[in-house]
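Worksheet: the structure to be examined is printed underneath.
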Amino acid sequence: MSPSPLAIAVQDLVFQWPARNQAGFRLSIPRFEVERGERVFLQGASGSGKSTLLSLLGGVLRPQPCRLRVLDTDLTALSSSDRDRFRVDHVGFLFQQFNLVPYLSVRENVLLPCRFSRHRRRQALQSASSLQQAADRLLQRLGLDGSLARQPVTALSVGQQQRIAAARALIGHPELIIADEPTSALDADRQGEFLDLLLERCADDRVTLVFVSHDQRLESRFTRSVRLDDLCATTPC
Ligand SMILES: Nc1ncnc2c1ncn2[C@@H]1O[C@H](COP(=O)(O)OP(=O)(O)O)[C@@H](O)[C@H]1O
Ligand SMILES: [Mg+2]
């Protein structure tokens, strides 16, 4: 069977956080579809549920019974450990705070997904003769000098650290990249530069990108822009 042209197909998705103070937050999305290769800009007010939606799409959280297919996989049918496996094999995550491992070198950080996923390791080795070479090439394509590969990540600037996080998300060709405000910690010049590199890599590899930001200036660079408010049901299901 040929793969569906949709990377993401969501129908009647409902997720309810347990209450912290008063009523718990409820996210309710009747329909949301993203085609393979689309680069989607997702915006919404703080607290509107953007990070919650990204966690659902990446299989970190599980919704109430609904249709939630990501890369032809029914995420609602998977156990928590199968969702972890799905994520490490097929999804690259990028966060505002990078989440790099401080005691590992630059290259070791980039190669983390290959340590946990045979699938990513195999994919990385399709276009390189060693994992080291795959990591170093990717770093280079993201504008980082190869001499940095063995340095501790903590020795590098914020802009450099975010590129390392991008290389880690991209290594082994995951089909989907999920980015949660990854430019928020960068200054304006670095934001544009970083976004150019990320979008270029995604376009080259036909990666689907869902990118959350509250910075409207970035919107025009994407193939589609979506407001979370417009996706959400006005009356709770
Ligand atoms: N771990 C959690 N437990 C309970 N409620 C949470 C949790 N994480 C987020 N929420 C609630 O879910 C709502 C949406 O949060 P979030 O998805 O982080 O929004 P955004 O990313 O758009 O700022 C908020 O009201 C927040 O308080
Ligand atoms: Mg958030």
Side-chain angles (χ1 to χ4, degrees), residues 7-34 38-70 75-76 78-81 83-84 86-87 91-100 158-159 161-163 165-166 168-169 174 176-188 190-191 194-195 198-199 202 208-222 224-237:
I8 295 170
V10 168
Q11 217 176 325
D12 298 328
L13 176 132
V14 175
F15 178 83
Q16 171 90 47
W17 277 115
R20 271 173 172 161
N21 309 321
Q22 309 111 20
F25 175 83
R26 184 181 173 93
L27 183 69
S28 172
I29 297 184
R31 194 183 164 97
F32 178 43
E33 289 179 348
V34 176
E38 271 196 290
R39 296 180 290 284
V40 176
F41 184 74
L42 179 64
Q43 53 186 316
S46 175
S48 59
K50 303 182 297 298
S51 296
T52 302
L53 174 59
L54 294 186
S55 296
L56 288 159
L57 296 178
V60 180
L61 297 172
R62 188 184 207 158
Q64 291 172 21
C66 68
R67 181 177 154 88
L68 172 57
R69 288 187 78 81
V70 179
L75 289 190
T76 65
L78 299 185
S79 66
S80 147
S81 61
R83 278 183 283 129
D84 290 345
F86 168 82
R87 186 166 56 253
V91 184
F93 263 95
L94 259 175
F95 301 96
Q96 180 178 355
Q97 297 305 336
F98 326 140
N99 294 8
L100 297 172
V158 167
Q161 290 191 32
Q162 193 52 301
R163 288 176 197 206
R168 183 184 56 186
L176 174 64
I177 301 279
I178 289 181
D180 198 352
E181 312 217 24
T183 53
S184 305
L186 309 181
D187 60 45
R190 298 274 170 285
Q191 276 184 1
F194 173 78
L195 193 57
L198 179 66
L199 288 170
C202 289
T208 309
L209 173 67
V210 180
F211 184 104
V212 161
S213 174
H214 56 260
D215 190 345
Q216 289 264 338
R217 288 172 305 175
L218 307 179
E219 183 180 11
S220 62
R221 319 272 271 272
F222 290 77
R224 181 153 63 110
S225 172
V226 175
R227 305 185 135 275
L228 185 56
D229 275 358
D230 295 337
L231 292 181
C232 289
T234 43
T235 48
C237 329

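All residue numbers refer to positions in the sequence shown, counting from 1. Counting starts at 1 for both ligands and their atoms, in listed order.
Ranking the protein heavy atoms by distance from atom 19 (O) of ligand 1 puts Gly49 N, 3.2 Å first. Scanning the protein heavy atoms around atom 23 (O) of ligand 1, the nearest turns out to be Gly47 N, 2.7 Å. The nearest protein atom to atom 13 (C) of ligand 1, hydrogens excluded, is given as Phe25 CG, 3.3 Å; this is a heavy-atom distance. Of the protein's non-hydrogen atoms, the one nearest atom 18 (O) of ligand 1 is Ser51 CB, 3.7 Å. Considering only non-hydrogen protein atoms, atom 1 (N) of ligand 1 sits nearest to Trp17 CZ3, 3.3 Å. Of the protein's non-hydrogen atoms, the one nearest atom 26 (C) of ligand 1 is Arg20 NH1, 3.9 Å. Remark: minimum distance from atom 15 (O) of ligand 1 to any protein heavy atom is reached at Thr52 OG1, 3.9 Å.
The ring-ring contact (aromatic ring centres under 6.0 Å, His included) test applied to Phe98 returns no partner, not counting sequence neighbours.
Listed by number with element, the atoms of ligand 1 under 4.0 Å from a non-hydrogen atom of Ala45 are 22 (O). Taking every non-hydrogen atom of Ser46 and a distance limit under 4.0 Å, the qualifying atoms of ligand 1 come out as 23 (O). In the vicinity of Pro18, heavy-atom distances shorter than 4.0 Å reach the ligand 1 atoms 4 (C).
Residues Phe222 and Leu209 are in side-chain contact: their nearest non-hydrogen atoms beyond the backbone lie under 4.5 Å apart. Counting only heavy atoms from C-beta outward, the side chains of Leu94 and Gln162 approach each other to under 4.5 Å. Between Phe15 and Ser55, the closest side-chain pair of non-hydrogen atoms is not below 4.5 Å. A heavy-atom distance below 4.5 Å is not found between the side chains of Cys66 and Val10.
Protein atoms that are N, O or S and lie under 2.8 Å from the Mg ion (ligand 2) are these: Ser51 OG.
A salt bridge between Arg227 and Asp229 is absent, with no side-chain N of the basic residue lying under 4.0 Å from a carboxylate O of the acidic one.
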- From CA spacing to verdict: side chain to side chain contact (heavy atoms under 4.5 Å, CB included), Leu68, Leu57: CA-CA 8 Å; Leu68 172 57; Leu57 296 178; 4.1 Å; yes
- Task: Show the numbers, then the answer: is there a side chain to side chain contact (heavy atoms under 4.5 Å, CB included) between Leu54 and Phe95?
- Result: CA-CA 11 Å; Leu54 294 186; Phe95 301 96; over 6 Å; no
- Message: Evaluate His214 against Ser184 for side chain to side chain contact (heavy atoms under 4.5 Å, CB included), listing each step before the verdict.
- Response: CA-CA 9 Å; His214 56 260; Ser184 305; 4.1 Å; yes
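In Arg190, the CZ atom is not crowded: 12 or fewer heavy atoms of neighbouring residues, nucleotides or ligands sit closer than 6.0 Å.
Between the side chains of Gln216 and Gln43, at least one donor N or O lies within less than 3.5 Å of an accepting N or O.
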